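Notes follow the structure.
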Amino acid sequence: MAKRRKIYEGKAKILYEGPEPGTLIQYFKDDATAFNNEKRAVLDGKGVLNNRISEFVMTQLNNIGLPTHFLKRLNMREQLIREVEIIPLEVICRNVAAGSMSKRLGIEEGTPLPRSIIEFCYKKDELGDPMVTEEHITAFNWATHQEIDDILAMTLRINDFLTGLFAGARIKLVDFKVEFGRLYEGEMVRTVLADEISPDSCRLWDMDTGEKMDKDRFRRDMGGVTEAYAEVARRLGIIKEAGGAEILSFNGK
Ligand code: UDP
């Protein structure tokens, strides 16, 4: 069998050449990193769970007419996606104060925000993804005014939809990070949701106990990381058993 061409390797995922032009294969690794790569670990089964959770969320978003790069899941760790040009922004949407916002502004973690707040960070690991404003984004040509408008509208729509989706599973969507890409279709270019949506990129709190069900368990050395991700998948109806045994016992490839 011929070796696939690796297009890009990031911290938690690898992109391979897809079977057809305009497609890529997104492979979910078990690697976890935090604090700009200072903290690292391999968490058995995380990639398998994130592949399934992101598939589920992206499919639901596609179904409500929110364009995404997701085409279909291929196997335990891989999904077929459309090739897009990634807009170099991390778009963060917050409903409740937590993490860097709490630290920066001195707002106690868990304080509900008066309204959902969107922040932009420039995607640049060497700089630690600094927060930027629309002025920086347009001045440095990272995105156009039109693209920023599209991103803001889509992010709020994703937030509303996901808030409801998770609430149905007794999970509070505290905040999340999304990335967007440019999809070229002939003469046209369209902004679509890219990357992944998973407990690696969201803060998810159990609505009843307040327990963290996301990557903060890794960042803050709380343990039980993949177990919490599996519980998210179970509550969303993606997997059946509490421990996600049928997924975690399969080592994928
Ligand atoms: N986030 C992410 N990737 C990043 C930075 C943040 O997925 O490189 C997510 C993070 O999981 C959280 C939200 O974006 O759900 C807000 O993160 P925050 O700015 O509070 O940063 P952190 O406290 O994670 O450093």
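Positions are given from 1, in the same order as the sequence printed here. Heavy-atom basis, side chains included; hydrogens, waters and symmetry copies ignored. Atoms within a ligand are numbered from 1 in the order they appear, just like the ligands themselves. Remember, it's a predicted structure, so these values are computed and weren't measured experimentally.
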Arg190/Asp150 ion pair, N-O < 4.0 Å: no

Asp129 contact mode with ligand 1 (heavy-atom cut-off under 4.0 Å): side chain

Residue of the set Lys11, Lys13, Lys123 for which salt bridge (charged side-chain N to carboxylate O under 4.0 Å, His left out) holds with Asp195: Lys13

Side chains of Thr133 and Glu135, donor plus acceptor under 3.5 Å: no

Exercise check, heavy-atom protein proximity under 4.0 Å to atom 18 (P) of ligand 1: yes

For Arg94, the ligand 1 atoms whose distance to one of its heavy atoms is below 4.0 Å: 16 (C), 18 (P), 19 (O), 20 (O)

For atom 9 (C) of ligand 1, the protein heavy atom that lies nearest, with its residue and separation: Lys177 CB, 3.6 Å

Nearest candidate to atom 22 (P) of ligand 1, where distance is taken over non-hydrogen atoms, out of Met131, Arg220, Arg203: Arg203

Reference residue Leu204; test side-chain contact (heavy atoms from CB on, under 4.5 Å); the match among Phe166, Tyr229, Phe176: Phe166

Residue pair Glu90, Val132: steps toward the side chain to side chain contact (heavy atoms under 4.5 Å, CB included) verdict: CA-CA 10 Å; Glu90 301 214 331; Val132 293; over 6 Å; no

Min heavy-atom dist Glu119 to ligand 1 below 4.0 Å: no

Location of contacts on Cys121 toward ligand 1, heavy atoms closer than 4.0 Å: neither

Arg4 to Tyr16 six-membered ring, cation-pi geometry met (6.0 Å, 45°): yes

Glu78 side chain to Asn75 side chain, donor-acceptor N/O pair below 3.5 angstrom: yes

Residue portion contacting ligand 1 (non-hydrogen atoms closer than 4.0 Å) for Asp175: both

Closest to atom 5 (C) of ligand 1 (judged by heavy-atom distance), picking from Glu90, Arg219, Lys11, Lys103: Glu90

Nearest neighbour in protein (non-hydrogen) for atom 6 (C) of ligand 1: Ile92 CD1, 4.4 Å

Ligand-residue contact atoms, ligand 1 with Gly99, heavy atoms, under 4.0 Å: 20 (O), 23 (O)

Crowding at CZ, Arg5 (>12 non-hydrogen neighbours, <6.0 Å): no

Contact with ligand 1 for Asp200, non-hydrogen, under 4.0 angstrom: yes

Nearest protein heavy atom with distance in Å, relative to atom 25 (O) of ligand 1: Ser100 CB, 4.5 Å

Of Asp214, Asp200, Asp30, the residue whose pairing with Lys46 passes salt bridge (charged side-chain N to carboxylate O under 4.0 Å, His left out): Asp200

Residue Cys202 vicinity, atoms of ligand 1 by number, heavy atom under 4.0 Å: 15 (O)

